Novice: 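Handing you this structure, nothing more for now.
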Amino acid sequence: MRKKLKSADPAITPLGVRGVRFWSSIHTAAISIAKSYGVHDFVVKDGKLETGLNSPESIAFHKDYVEMIKRCAAPSFANDNWYQVVDGINSGRTAMAIDSNMFGFWNDVAGKPASGKIAFAPPLRAPNGKTFESNIWIWSLAMNAASQKKGAAWLFIQWATSKQVELNGAIAGKLVNSPRASTWSDKVWLDYAAKPEFTNFVDTFKSVQDRAALAFTPRVGFAEAMNAWAVAMQKMVNGADVKATLADLASEIRSSM
């Protein structure tokens, strides 16, 4: 596929994917695909929390993932965040991307070359995997325990996350990531999201939901550990030995636990 794309247009980047030295590079493509290999960021071993990033499954995943990046991603991979991935897709310079379903929004942006031409599919999976896995990322509202006006804060949270506000956001604000099931059963929203220019967005969204789950282990120091993972990914893409780099990554994470 890479060779066919390049022969058709040498200016086309086969695959857009995040690569910056920050945990956001891990929480879309990397963690979703890794999960299908049986990779866990943390596991419980002998009653204690232990990192799973130097497991045989993790080594197998990283060898495949790093090879994919080397063959298909843009030379700018190490500096690419979601904005660059989106720009590549909606400008038509990138053929494919592995990232968030919110990219659906760019199928309805007037004047963009790829508007109405972006199709959707579930995440990639391990060669021998029976099914795909998909990390779910959720923005949320929280109340500070030190708040002096918890009553007012709680009322605001209830309003901001209510069915009607979510529906209004989806319909008026084109909020393609509405987390409420009630929005996804609303005819007005579905009529909009299922327009021809959104191709198979709705069907793919629904098919992925059964496999969507939080792929990370919530814990103190989460961000630091995932940042270190992103840095290790860059090292491996730049030629560092996969097994040795993951061993070093595991040691670094253990030292902070």
Side-chain angles (χ1 to χ4, degrees), residues 1-3 5-6 13-46 48-82 84-85 88 94-99 123-135 137 214-217 219-257:
M1 177 63 75
R2 175 182 65 91
K3 291 181 179 179
L5 287 170
K6 282 297 185 182
T13 296
L15 177 67
V17 65
R18 308 184 198 191
V20 291
R21 298 160 72 94
F22 190 59
W23 60 263
S24 65
S25 294
I26 301 297
H27 84 89
T28 51
I31 191 65
S32 295
I33 302 172
K35 195 74 175 177
S36 74
Y37 280 73
V39 179
H40 300 277
D41 54 354
F42 291 96
V43 296
V44 176
K45 187 175 181 180
D46 298 327
K48 295 182 179 180
L49 196 64
E50 168 67 291
T51 179
L53 291 182
N54 61 335
S55 66
E57 293 83 2
S58 182
I59 293 170
F61 158 70
H62 281 90
K63 285 182 177 179
D64 288 348
Y65 190 80
V66 167
E67 185 63 22
M68 178 181 72
I69 298 302
K70 288 180 177 180
R71 287 176 175 269
C72 301
S76 58
F77 165 77
N79 296 310
D80 287 349
N81 208 330
W82 72 268
Q84 285 79 25
V85 178
T94 302
M96 298 174 286
I98 308 174
D99 208 282
L124 298 174
R125 63 173 185 252
N128 297 322
K130 294 182 179 179
T131 186
F132 65 87
E133 302 291 343
S134 180
N135 182 47
W137 180 256
L214 184 63
F216 293 110
T217 303
R219 62 174 290 273
V220 174
F222 157 81
E224 290 81 359
M226 297 305 103
N227 286 347
W229 188 354
V231 171
M233 189 71 80
Q234 280 197 9
K235 291 178 180 177
M236 290 181 281
V237 170
N238 286 332
D241 180 78
V242 170
K243 187 175 181 179
T245 303
L246 292 176
D248 291 342
L249 172 61
S251 296
E252 180 180 349
I253 291 175
R254 287 191 196 101
S255 68
S256 65
M257 292 175 67

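Just so it is clear, the model here is predicted, and its values are computed rather than measured. Along the sequence shown, residues carry numbers from 1.
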Novice: Is there any side-chain hydrogen bond (donor to acceptor under 3.5 Å, both in side chains) pair reaching into residues 225-247, and which pairs are they, with sequence neighbours excluded?
Specialist: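 Found Arg21-Gln234, His62-Trp229.
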Novice: When you compare the side chain of Thr94 with that of Val85, does any pair of heavy atoms fall below 4.5 Å?
Specialist: no
Novice: Sequence neighbours left out, what passes salt bridge (Lys or Arg N to Asp or Glu O under 4.0 Å) with Glu224? Give chain and number order.
Specialist: none
Novice: For Asp80, enumerate each residue passing the salt bridge (Lys or Arg N to Asp or Glu O under 4.0 Å) test, keeping only those at least two apart in sequence or located in another chain.
Specialist: none
Novice: Just to verify, what does Leu124 make a side-chain contact (heavy atoms from CB on, under 4.5 Å) with, not counting sequence neighbours?
Specialist: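 Leu124 satisfies side-chain contact (heavy atoms from CB on, under 4.5 Å) with Ile33, Met68, Ile98 once adjacent residues are dropped.
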Novice: Taking only residues two or more places apart in sequence, or in another chain, which ones meet Thr131 in a side-chain contact (heavy atoms from CB on, under 4.5 Å)?
Specialist: Glu133, Arg211
Novice: Can you name the closest pair of heavy atoms from Asn54 and Ile59 and give their distance?
Specialist: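 Nearest pair, atom of Asn54 first, then Ile59: O-CD1, 4.0 Å.
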Novice: Test of understanding: with side-chain hydrogen bond (donor to acceptor under 3.5 Å, both in side chains), list the residues that count as partners of Asp41, not counting sequence neighbours.
Specialist: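 Only Thr217 meet the side-chain hydrogen bond (donor to acceptor under 3.5 Å, both in side chains) criterion with Asp41.
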Novice: Could I get the full list of salt bridge (Lys or Arg N to Asp or Glu O under 4.0 Å) partners for Glu252, not counting sequence neighbours?
Specialist: none
Novice: Can you give me the closest heavy-atom contact between Leu249 and Ala232, atom names plus distance?
Specialist: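 Here Leu249 and Ala232 meet closest at CD2-CB, 4.1 Å.
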Novice: Run the ring-ring contact (aromatic ring centres under 6.0 Å, His included) test against Tyr37 and tell me which residues pass, sequence neighbours left out.
Specialist: Phe61
Novice: Taking ring-ring contact (aromatic ring centres under 6.0 Å, His included) as the definition, give me every residue that meets it alongside Trp137, ordered by chain and number, with sequence neighbours left out.
Specialist: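 Testing Trp137 for ring-ring contact (aromatic ring centres under 6.0 Å, His included), a comparison that skips the adjacent residues, returns Trp23, His27, Trp139.
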Novice: Answer yes or no: are there more than 12 heavy-atom neighbours, outside Lys63 itself, under 6.0 Å from its atom NZ?
Specialist: no
Novice: Checking Glu57 now: which residues fulfil side-chain hydrogen bond (donor to acceptor under 3.5 Å, both in side chains) with it, not counting sequence neighbours?
Specialist: Ser55
Novice: Could you work out, with side-chain hydrogen bond (donor to acceptor under 3.5 Å, both in side chains) as the rule, every residue matching Arg219, not counting sequence neighbours?
Specialist: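 side-chain hydrogen bond (donor to acceptor under 3.5 Å, both in side chains) list for Arg219, sorted by chain: empty.
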Novice: In chain order, what residues pass the ring-ring contact (aromatic ring centres under 6.0 Å, His included) check against Phe216, with sequence neighbours excluded?
Specialist: Phe222
